[in-house]
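Structure, as structure tokens:
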Protein chains: 2
Amino acid sequence: MDDAENLTVAERIRQQFEDLTRAERQLANCMLEDYPVSGLGSITAVAETSGVSTPTVARMARKLGFGGFPQMQAQLHSELKATISNPINKHDLWAENAPGTHILNRFAEAVMENMRQTLRQINPTDFNAVAQLLSDPKRDIYAVGGRITRSMADHFFTHMQVMRSGVTLMAPNSNTWAHYVLNMKEGDVLVAFDIRRYEHDILRLAEVAKSRGVTFILFTDQWGSPAGKFATHSLNSRIEVPSAWDSLVVTLFLVEAVIAAVQNETWDETKDRMKILEELFDQTKMFKKFI
Amino acid sequence: MDDAENLTVAERIRQQFEDLTRAERQLANCMLEDYPVSGLGSITAVAETSGVSTPTVARMARKLGFGGFPQMQAQLHSELKATISNPINKHDLWAENAPGTHILNRFAEAVMENMRQTLRQINPTDFNAVAQLLSDPKRDIYAVGGRITRSMADHFFTHMQVMRSGVTLMAPNSNTWAHYVLNMKEGDVLVAFDIRRYEHDILRLAEVAKSRGVTFILFTDQWGSPAGKFATHSLNSRIEVPSAWDSLVVTLFLVEAVIAAVQNETWDETKDRMKILEELFDQTKMFKKFI
DNA sequence: CTATATCTGAAAATATATTTTCAAAAATAA
DNA sequence: TTATTTTTGAAAATATATTTTCAGATATAG
């Protein structure tokens, strides 16, 4: 009978407004007023807000072609979801090049979604605090990664090293870590990367470091490494992609953003260091030869 | 007890994320995923979507400081109402957390834009060809990076090594490279990373390798490394961000996408290798100790 | 005005949602 | 490993939500 299964609630109301009774119209107007949020509570709540009885609400839902009030509400939910979930940045951007099912597209969508989710979840206070800690020249910094995240620690180290002194990249091999811990002093900062397949050694390291008064910063995934319980600040990123492995793209994004933030904090000293570094590179280049 | 009566659900989740248990984290992630719409259904619906039990949902609501699930949902309703009725903050997915000019936001926007540009520009034919080449077990693979891109080469190597044999990560120090070239045979693949501040040594390496019949794959930036002229396939990514350095986020995305593509190509052999690797890890773990 | 059809909401009946309880499972400590 | 604690979800208990019933209210026609 209803060919209009996919009409919005608002459309159905407008379409059938003439057939509605007095109490129903009152309800309809109220629902359209703060649409669609006003229809989100229980039938009782909706009825009260509109000043009608619950049966009226149930009846109108039927009249509009739904099985009942819950069905109408479900429709409102999905409309809301469609509205809220980003209008601009989906799909359309690269589709022209690769067919819809191409791994490049699927991967890209997953990564973009990971970015969004991560950004929504990130705690700016933590982020700022991390940048602050890493900008403090009195604190030495130690970076460490696991089997997969090693490259993140490496990247982090490479850039931090340019901006300040007292930065150490810990060897990936955990049986060398005791020596690093030996050098850590209270207030120093340990930056660790630990994602799914969490490494037990990192957990132990965090515990030991923490017990010696070291500030522990953790880059981990959405589920959170167990080492999180020792972390002063945790930066979680989404890592799931259509692959047998996890994606570190968003983690890298966070690392680079932190680096940029630190650079902002310390720009006065950093810019001189960078200049000197450039000069050093130029000089050494002149000595190098290949084959 | 809670001075934080007026925190959003999302904020409360973030604040207490560390205190949440496994099932609760799973739920929390699901709720943040389509926030706040995902938390709008009945407790049963929310539980089912997240794959946890209803008591878990009720418990978490309590843990976050609400009287119960209905109270939490009421809070979601009012948040939603505030969001919807305020056209300004609409759809800005992370804006709620950090003010508009926060480095995190600016960085994110730049990276997203880089992704889009890169994807629009990428040549799927090149991409596929690269995946094909790297999946060919008869070709040995050599990976090399520069000062900044070293971590990309490292990441690439770590994953390729799992999928197949005959993969070599070249030391970053260019005066060791001659030895690697000595081992390269015709048809082998050299994968190099070279971005702005292009390194002269990479150019020379590419030239020499090419002259010996080695297939050269280059990951570079939007402007293209000079080594590009020796490249069989070039994968360019946008790297500009509001920072003194360039961003490797999109480069990493391409690397991971290539890895995923290779994995697809070689899944039959790869899955066995991965299984064996897992077993090896389990075994070696038993021998390890820290401090 | 009265007769009749329609609408409406209080209250009962029913269906769902939510919380509580508790034993099994999982994690952690010893 | 084994003991202990914590976490978890199935099922029962409870609380709410939703629908149905039906008598009174309201509108409409004659």
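Lettering of chains follows the sequences in order, A, B, ..., and the numbering in each one begins at 1.
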Output the single nucleotide from D/dT18, C/dT18, C/dT21 whose closest atom is nearest the side chain of B/R59. C/dT21
Between atom NZ of A/K185 and atom CG of A/D140, what is the distance when rounded to the nearest 0.5 Å? 3.5 Å
Choose from D/dG9, C/dG9, C/dA17 the nucleotide whose nearest atom is closest to any side-chain atom of B/I43. C/dA17
Terminal axes of the helix from C/dC1-D/dG30 to C/dA30-D/dT1 (five pairs each): angle between them, nearest 10 degrees: 30°
Selected nucleotide, minimal atom distance to A/P70 side chain, candidates C/dT19, C/dT18, D/dT19: D/dT19
Whether B/K63 and B/E24 form a salt bridge (side-chain N of Lys/Arg under 4.0 Å from carboxylate O of Asp/Glu) is what I want to check. yes
Heavy atoms from C-beta onward define the side chain here; which of D/dT19, C/dG9, C/dT18 lies closest to that of A/F69? D/dT19
Write down the atom of B/M31, the atom of B/S38, and the distance for their closest heavy-atom approach. O-OG, 2.8 Å
Check the phosphate of D/dT16 against A/S42, side-chain N and O only, distance under 4.0 Å to OP1 or OP2. Yes or no? no
Output yes when at least one side-chain N/O atom of A/T56 is less than 4.0 Å from OP1 or OP2 of C/dG9, else no. yes
Please work out which of the three classes, parallel, tilted or perpendicular, describes the rings of B/F253 and A/F107, given edges at 30° and 60°. tilted
Closest approach to the side chain of A/T44, judged atom by atom: which nucleotide of C/dT20, C/dT19, D/dA17 is it? D/dA17
B/V167 versus B/F157, closest heavy-atom pair with distance: O-CE1, 3.5 Å
Which of the following nucleotides, C/dT19, C/dC7, D/dT19, is nearest to the side chain of A/T21? C/dC7
At under 4.0 Å between heavy atoms, what does A/T54 touch on the DNA or RNA strands: base, sugar-phosphate, or nothing? base
Please tell me which of the listed nucleotides, C/dA17, D/dT20, C/dT19, lies nearest to the side chain of B/A58? C/dT19
Tell me which one of A/V250, A/V249, A/V111 satisfies side-chain contact (heavy atoms from CB on, under 4.5 Å) with B/L252. A/V249
Picking from D/dT8, D/dT19, C/dT18, the nucleotide nearest the side-chain atoms of B/R22 would be D/dT8
Considering just the side-chain nitrogens and oxygens of B/R62, establish if one lies under 4.0 Å of OP1 or OP2 belonging to C/dT20. yes
Walking DNA chain C from its 5' end, the first of A/K229 and B/G68 to be reached, judged by nearest nucleotide, is B/G68
Looking at every heavy atom in both A/A143 and A/F156, which two are closest together, and how far apart are they? CB-CD2, 3.7 Å
